[in-house]
Structures are given as C-alpha cells and as structure tokens.
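Atoms within a ligand are numbered from 1 in the order they appear, just like the ligands themselves. As a basis for the values below, the full set of heavy atoms in this structure was taken, side chains included, without hydrogen atoms, waters or symmetry mates.
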Amino acid sequence: ACTSTDSGDDSNHLQELKDKGVVTVGFAGEAPYSFEQDGNLTGATVALHREIFGNLGIETVEGVNADFGSLIPGLQANRFDVVSAGMSILPQRCEQAAFGDPEFNYTTALMVTQGNPKGLKDMQSVKDSGARLATMTGAVESDYAESLGIESTQVATPQDGMDAVMSGRADVFALTAISLNWMKTNNPGAPVDVTESFVANIDGKPQVGAGATVFRTDDKELLEAYNTELAKITSDPQKYLDLVGEFGFTEEELPDPNLTTAQLCEGV
Ligand SMILES: CC1=N[C@H](C(=O)O)[C@@H](O)CN1
C-alpha cells in the first residue's frame, strides 16, 4: 500500500493523512518544543500539531525522533510528514523545505558552568574570552558562531550540550533561552547556570528566532491548510496560551504578525 510517508509524491498528501487519521512528525527531543516524557510525545509544537491536525480531521500525531541536524534531510527522505521542532525560518533552510507561518519568537542564551566563571553574556563575549563553545549540529547557534569566526564543538542533542558543560569538555553551550531554562529547571542541582537571554547576530544582523513547522517543498496544499488553522490560534492570545502555556511559553513568544515567512526566507 502507498502510505503518506513513502509515496514520494505530495500532490494528495493532505487527503492521504485524513484517510489514515495519522500524521507523523519529526522531532529532536528538544524540550519544551517537542520531546518524549514517560514514553509520550509532548511539547508546545506537539500541542499545536494535535490541535491543528485534529481540526483538519487527522486525529493522531505520532513522532519519529531524529537529531536536529537530520530533521530536514529526514523530511526530504519521507521519514516523516512534517517537522515539529520550532525550527527557525532561515534562508538556507527555505531552499531545502517549505516553512509554515511563524509560531514562536525566541531568543538565545548560554548554559555555563555554575557561577559563570568567564562572565559570558552573549556570543561576542564567548569570542572575546576564548571560551570553548558547544553548539548543536544544524542549529542556528552554529551559524551565530561561524559568523563571528568562533570554532564550536558540535553536539547532537540538547542533553549532549548540557553534558559537555557539566563534564568540562565545553565552557558554554548556546541554544534558545527557552530550551536551556527548561533543562536547568528540570535538572535541579545540576552545576550549571543559564545567562539572561539575548538577540544574536548573523553577519551583524540581529536575529530574533521565528520557529515554524517544516513541510516538503511540494507539499503546498497541506501547508496552506495548516496555516489557515494556525492563524486561528496565533490571532487569539488566549487560545495560544491555552495550548502552549503549560510548556512555559508566554505572550512574549507570540509571533510578530508583521514578520512573514516570505520575509524571513529572504533574510530580513
Ligand atoms: C528550537 C530551536 N531552534 C533553533 C534552530 O532552529 O536552529 C535552535 O536553537 C535549535 N532549536
């Protein structure tokens, strides 16, 4: 039988998903966006997906775990139907896949050794101090580092980044403030601190992350149906908070309605 994830042709993808009643999402185990807890797929992007795909008549959201850097390749290889990871809309990613409308605004922070002995506060301070930086493969923080000429150790997962700091293999791990604060809160007693969040730059341009769902480039009908349902949530702060508030997201994370996916793909 031809299933949605192996047909290799997305012209009928939405109908195939409705017929099956299941959408398979790729996720990277980055809390609180999308992760497993007690064997169950959960998180803010998953909560949005359950609501949105449910409204499209697709009742079940299943997950396939992949390293962050393998999410877009896995999507292209039909390992899953969409990516549920709050991925930033970035020009080079838009060349490989199609992004839905923005779902979350986020900024960056640094996980450091407890007490922040090197006094780190942003990417420039990492460069100036010569601190050993870890970033996640394929994640935007690797681009921030590269743009400043900082060499970073690549880790596969958020947990690996935290472990690198705790073991002393790295002085600092950069990721979204939301994910780092979640890890710190959920690992009480871990000898790490998380800095105040900041807006990082690429080539001198400030980058407020705008996370979205990722679709295959040809999957236009699904993308449009998704965006129509998403707009009902992002235009209603209470509805947004009802879905994602339990994962620590606030009105601060509500996407800026003036910043479109098309603009972000162009690199505003
Ligand atoms: C949710 C998330 N967004 C960034 C990115 O898209 O690269 C990275 O911070 C990795 N995690």
Run the numbers on L264 and L259 for side chain to side chain contact (heavy atoms under 4.5 Å, CB included), then give the verdict.
CA-CA 7 Å; L264 291 156; L259 210 50; 4.0 Å; yes
Using a 3.5 Å cut-off on N or O atoms only, is Y33 in polar contact with ligand 1?
no
Nitrogen or oxygen atoms of V140 and ligand 1 under 3.5 Å apart
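Between V140 and ligand 1 (N or O atoms, distance only) the closest approach is under 3.5 Å.
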Closest protein heavy atom (residue, atom, distance) for atom 9 (O) of ligand 1
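Ranking protein heavy atoms by distance from atom 9 (O) of ligand 1, first comes E141 OE2, 2.5 Å.
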May I ask you to identify the nearest protein heavy atom to atom 11 (N) of ligand 1, giving residue, atom name and distance to one decimal place in Å?
E30 OE1, 2.8 Å
Using 30° and 60° as the class limits, which term best fits the ring planes of F104 and Y33: parallel, tilted or perpendicular?
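Judged by the thresholds at 30° and 60°, the geometry between F104 and Y33 is perpendicular.
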Of all the atoms in ligand 1, which lie at a distance below 4.0 Å from a heavy atom belonging to [X]?
X	answer
A139	7 (O), 8 (C), 10 (C)
F68	5 (C), 6 (O), 7 (O), 10 (C), 11 (N)
M87	6 (O)
A85	1 (C)

Could you tell me whether the side chains of T157 and D160 share a donor-acceptor contact shorter than 3.5 Å?
yes
For residues D122 and S125, is any side-chain donor paired with an opposing acceptor at under 3.5 Å?
yes
Return yes if some donor-acceptor pair links the side-chain N/O of Y226 with the main-chain N/O of D101 below 3.5 Å, else return no.
no
Between the side chain of D193 and the main-chain N/O of V112, is any donor-acceptor distance below 3.5 Å?
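Side chain of D193 to backbone of V112: no pair is present.
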Indicate, as side chain, backbone, both or neither, the part of S179 found under 4.0 angstrom from ligand 1 when only non-hydrogen atoms are considered.
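For S179, there is no contact with ligand 1 at all, from either part.
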Using the rule given for side chain to side chain contact (heavy atoms under 4.5 Å, CB included), can you reason through E51 versus N55, listing the C-alpha separation, both sets of side-chain angles and the distance that settles it, and then say yes or no?
CA-CA 6 Å; E51 171 77 10; N55 289 343; 3.4 Å; yes
Only one of W182, F68, F27 passes ring-ring contact (aromatic ring centres under 6.0 Å, His included) with F35; say which it is.
W182
Taking the non-hydrogen atoms of G209, is any one of them nearer than 4.0 angstrom to ligand 1?
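G209: no contact with ligand 1 (<4.0 Å).
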Would Y106 count as a contact of ligand 1 if the rule is a heavy atom under 4.0 Å away?
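True for this residue.
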